[in-house]
Amino acid sequence: MPEPFFLCLLNPNRPLSPVLCPTSGAGHPVIASFSHVLEEYGKHLARIGRTLFDGMSKNLCLDPIKCQSNLSESTGFVRVYRYPKWSSKSKNENKSSAWGMDVHTDSSVLSILNQDEVGGLEVLKDDHWFTVKPVPNTLVVNLGDMMQAISDDEYTSVKHRVKVNEYKERISICYFVFPGQGSVIRSSKYKPFTYSDFQGQVQQDLKTVGYKVGLDRFKLSDAS
Ligand SMILES: O=C(O)CCC(=O)C(=O)O
Ligand SMILES: [Fe+2]
């Protein structure tokens with residue numbers, strides 16, 4: 001797993017555990033200014049996320065009033081990851097690659113990624129893995145599980161993973177945004193649920209079955 005070395009909560013009142021902010025050194029001027037820059041960055045990303053969400057809901061002909069709270073800027077946070085290079089010590093001769101982050105879908109509504117020039121992000125489409133080539137000054141938008149449910153499965157929460165580079169470390173800056181607290185997601189495919197119902201189920205599944213089952217837990221049995 002990468003080292004999430006900085007987490008910037010855009011709403012400090014939002015309880016999020018575990019809090020990954022480097023609390024030691026929080027008073028250090030470099031950390032403080034970095035935190036300030038990330039906060040500023042997060043505000044722009046919140047605006048971009050809202051614009052994308054409103055555009056998608058319009059495209060899906062969703063009731064703008066009903067779905068507005070299905071995305072809440074106050075839930076957003078920015079996480080900075082450092083993926084150390086694939087060290088020779090950890091090399092396994094039988095493996096052709098090492099994974100910095102295993103295959104998963106995000107639980108968010110939207111995740112907006114800013115990867116450096118090293119690359120390594122891969123997405124699954126039609127059973128094939130595609131490398132997301134880094135393009136300077138370009139953001140990558142991943143739709144998360146919440147957006148899949150909001151869209152009645154019209155859009156899919158993309159499966160993705162991150163390959164570690166053998167020679168260079170990789171840095172990515174990721175913005176995640178979620179439904180508002182208590183906002184109910186209603187769709188023809190899933191039982192009505194809130195994001196905290198979803199997260200509760202994910203945590204329970206991690207403990208009991210050992211992995212995230214995700215949206216399938218909420219699927220209506222007669223939904224095709
Ligand atoms: O580092 C990246 O580019 C992706 C990170 C990611 O997929 C995640 O945090 O969920
Ligand atoms: Fe992800």
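In listed order, ligands and their atoms are each counted from 1.
Within ligand 1, counting atoms from 1 as listed, the ones closer than 4.0 Å to a heavy atom of D106 are 10 (O). In summary, the atoms of ligand 1 found under 4.0 Å from a heavy atom of Y83, numbered by their order in the structure, are 1 (O), 2 (C), 4 (C), 5 (C). Atoms of ligand 1 lying under 4.0 Å from any heavy atom of S172, numbered from 1 in the order shown and given with element: 1 (O), 2 (C), 3 (O).
The aromatic rings of F178 and Y195 sit tilted relative to each other, their planes meeting at an angle between 30° and 60°. A perpendicular orientation is assigned to the rings of F130 and H128, their planes being inclined by more than 60° (bins at 30° and 60°).
From the protein, the heavy atom lying nearest to atom 3 (O) of ligand 1 is R170 NH2, 2.9 Å. Looking only at protein heavy atoms, the nearest one to atom 6 (C) of ligand 1 is M101 SD, 3.4 Å. Summary of contacts: the protein heavy atom closest to atom 9 (O) of ligand 1 is Y81 OH, 2.7 Å.
For R161, the closest heavy-atom approach to ligand 1 does not fall below 4.0 Å. Heavy atoms of R79 come nearer than 4.0 angstrom to ligand 1 in no pair at all. Under a 4.0 angstrom heavy-atom cut-off, H160 registers as being in contact with ligand 1.
Side-chain atoms of L113 and Y81, non-hydrogen and from C-beta on, never get closer than 4.5 Å to each other.
Under a 4.0 Å N-O distance rule, the pair K58/D54 does not qualify as a salt bridge.
To the nearest 0.5 Å, atoms CD1 (I112) and CZ (F176) are separated by 10.5 Å. The distance from the CG atom of D127 to the NZ atom of K159 is 9.0 Å, given to the nearest 0.5 Å.
With the Fe ion (ligand 2) as the vertex, NE2 (H104) and NE2 (H160) define an angle of 90°, rounded to 10°.
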